Amino acid sequence: MGLRISGDNERIHIPRLVGRMEAPSTDFSFRGMATHDRLGGVGLWSKDLKSYRRPGTSAMLTAYELGHPKPTRTLLLPAVPVRSARAARMPDDGWVIGGQTDAGTQLLRVVTSTGATQAECTPLDKIDQIVTDSDGFVWVLGSALTKYDRELRQLWQSPGGIRDDWSTDAVNLGPAEVLAAQSDSDGNAVVLRIRDGHDTAVIPVHQVECVDLVIAADGWLGIAGDIEPTMIIGTVTGEAFEERFRVRLAEDDRHSLVIDETACVGDTAYLDDGYQWSVLTLGELLADPPQPAPQDAAPPPRRGWFGWGRD
């Protein structure tokens with residue numbers, strides 16, 4: 001594990017394993033959805049793949065503490081209202097679930113810890129991923145990035161709004177501001193930097209068709225989006241990203257890392273290969289390697305690049 005230099009003078013990093021998510025019961029053993037947040041893992045378990053993809057079937061929501069394989073909180077949903085549901089936990093022990101109904105409309109719903117519906121809305125944008133912060137705001141990734149309050153009233157949407165040829169691929173609710181990665185059908189990618197008052201800077205990222213991971217710390221920005229996952233490390237000046245070096249993510253000394261799902265929190269990324277989770281931090285990628293690499297760059301001074309956000 002850790003950062004190393006290959007025989008071809010390539011930076012390679014093997015993320016640390018944090019383990020698997022165990023199923024809540026034998027009745028719900030198919031993991032339809034999994035993600036991580038600031039507290040640990042979140043999963044939605046169905047009886048099988050067919051059940052997960054079909055509305056109206058039962059499922060179990062699960063929450064896990066960091067590094068613990070067994071769920072610490074569960075909620076049985078007798079009938080999930082959407083197909084291939086996405087979910088996140090709310091800070092008050094409630095949950096938010098979303099996806100597409102059998103009628104083809106999008107549905108977003110907040111439920112209490114007992115499963116009672118607390119709020120509901122029907123967004124016009126698709127629901128690809130849901131992330132919540134410690135203040136109970138709900139961030140939905142679709143073609144745009146949309147922010148809702150806990151009553152599911154829309155508060156903000158990323159510049160350009162809903163666009164058929166764009167997708168929001170990753171979001172990071174860091175301790176000081178929000179970062180989001182978007183890309184279009186022509187291979188263009190940008191990182192949005194969202195500050196207090198929802199002021200948004202659009203930072204183009206070149207030579208990456210799709211940014212599926214974005215982490216940041218102390219003026220550094222790390223993104224990944226290659227078929228063979230490679231972290232692109234650089235700095236931001238104004239609205240310009242300057243690449244400093246790259247680090248290939250690997251499973252071991254011979255194999256590149258397989259990434260099925262990602263979740264980003266501040267300077268930390270959680271990576272799921274469909275079987276188990278691993279974790280990396282930007283600090284680990286900036287650490288001195290065991291031998292010099294030609295791409296080495298001195299870290300920038302602390303500039304207060306981050307100014308607002310909620311973890």
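Everything numeric in this text was worked out from a predicted model, so none of it was measured.
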Under 3.5 Å, is there a donor-acceptor pair between the [X] and [Y] side chains?
X	Y	value
Thr281	Asp267	no
Gln182	Ser158	yes
Arg89	Thr132	no
Asp27	Ser25	no
Asp212	Thr262	no

Going by heavy atoms in the side chains, are [X] and [Y] under 4.5 Å from each other?
X	Y	answer
His13	Glu284	yes
Phe30	Leu49	yes
Gln100	Thr105	no
Leu141	Ile127	no
Arg246	Ile233	no
Val205	Ile232	no
Val279	Thr268	yes
Gln118	Glu151	yes

Going by an N to O cut-off under 4.0 Å, is there a salt bridge joining [X] and [Y]?
X	Y	result
Glu239	Arg193	no
Asp92	Arg150	yes
Arg31	Asp272	yes

Out of curiosity, [X] [atom1] to [Y] [atom2], how far, rounded to the nearest 0.5 Å?
X	Y	atom1	atom2	result
Ile203	Leu192	CD1	CG	8.0 Å
Arg54	Ser84	CZ	OG	11.5 Å
Met33	Arg86	CE	CZ	6.0 Å
Asp186	Asp184	CG	CG	5.0 Å
Ser113	Leu61	OG	CG	12.0 Å
Leu249	Ser278	CG	OG	8.5 Å

Mind checking what makes salt bridge (Lys or Arg N to Asp or Glu O under 4.0 Å) contact with [X], not counting sequence neighbours?
X	result
Arg73	Asp93
Lys126	Asp128
Asp199	none
Glu65	none

Counterpart residues, side-chain hydrogen bond (donor to acceptor under 3.5 Å, both in side chains), relative to Trp45 (two or more places apart):
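For Trp45 the side-chain hydrogen bond (donor to acceptor under 3.5 Å, both in side chains) partners, ignoring immediate neighbours, are Thr62, Tyr64.
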Is it the case that the side chain of [X] and the backbone of [Y] share a donor-acceptor pair, with hydrogens and angles ignored and the cut-off at 3.5 Å?
X	Y	result
Ser183	Asn188	no
Asp125	Ala144	yes
Thr230	Arg248	no
Thr101	Ala103	yes
Thr200	His198	yes
Tyr270	Ala263	no

Would you name the heavy atoms of [X] and [Y] that are closest together and state the gap between them?
X	Y	result
Ala59	Val80	CB-CG2, 3.6 Å
Ile215	Cys264	CG2-CB, 4.3 Å
Leu44	Ala85	CD1-CB, 4.1 Å
Thr35	Met21	O-CE, 3.3 Å
Leu145	Ile194	CD2-CD1, 3.8 Å
Tyr148	Leu155	C-CD1, 4.0 Å

Using the rule that two of Ile, Leu, Val, Met, Phe, Trp, Tyr join whenever any of their side-chain heavy atoms come within less than 4.5 Å, decide whether [X] and [Y] are in one cluster.
X	Y	answer
Leu75	Tyr52	yes
Trp139	Val96	no
Val140	Trp156	no
Ile259	Leu285	yes
Leu108	Val111	no

Step through the shown structure and confirm whether more than 12 heavy atoms of other residues, nucleotides or ligands are within 6.0 Å of CG on Leu76.
yes
Kindly check if the number of other-residue, nucleotide or ligand heavy atoms within 6.0 Å of CG (Asp164) is above 12?
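No, not enclosed.
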Any residue meeting side-chain contact (heavy atoms from CB on, under 4.5 Å) with Thr26, in chain and number order, not counting sequence neighbours
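Testing Thr26 for side-chain contact (heavy atoms from CB on, under 4.5 Å), a comparison that skips the adjacent residues, returns none.
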Applying side chain to side chain contact (heavy atoms under 4.5 Å, CB included) to Asn172 and Val131, what does each step give before you reach the verdict?
CA-CA 9 Å; Asn172 185 332; Val131 183; over 6 Å; no
Is there a side chain to side chain contact (heavy atoms under 4.5 Å, CB included) between Ile12 and Val247? Walk through the geometry before answering.
CA-CA 5 Å; Ile12 298 175; Val247 182; 5.8 Å; no
Give the intermediate values and the outcome of side chain to side chain contact (heavy atoms under 4.5 Å, CB included) for residues Tyr275 and Val258.
CA-CA 10 Å; Tyr275 176 73; Val258 175; over 6 Å; no
Decide side chain to side chain contact (heavy atoms under 4.5 Å, CB included) for Thr235 and Trp220; before the verdict, give the C-alpha distance in whole Å, the side-chain angles of both, and the deciding distance to 0.1 Å.
CA-CA 5 Å; Thr235 55; Trp220 288 93; 3.9 Å; yes
Can you tell me which residue among Val110, Leu77, Val42 is in a side-chain contact (heavy atoms from CB on, under 4.5 Å) with Trp95?
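Testing Trp95 for a side-chain contact (heavy atoms from CB on, under 4.5 Å) against Val110, Leu77, Val42 leaves exactly one candidate, Val42.
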Arg11 to Phe245, cation-pi by 6.0 Å centre distance and 45° axis angle
yes
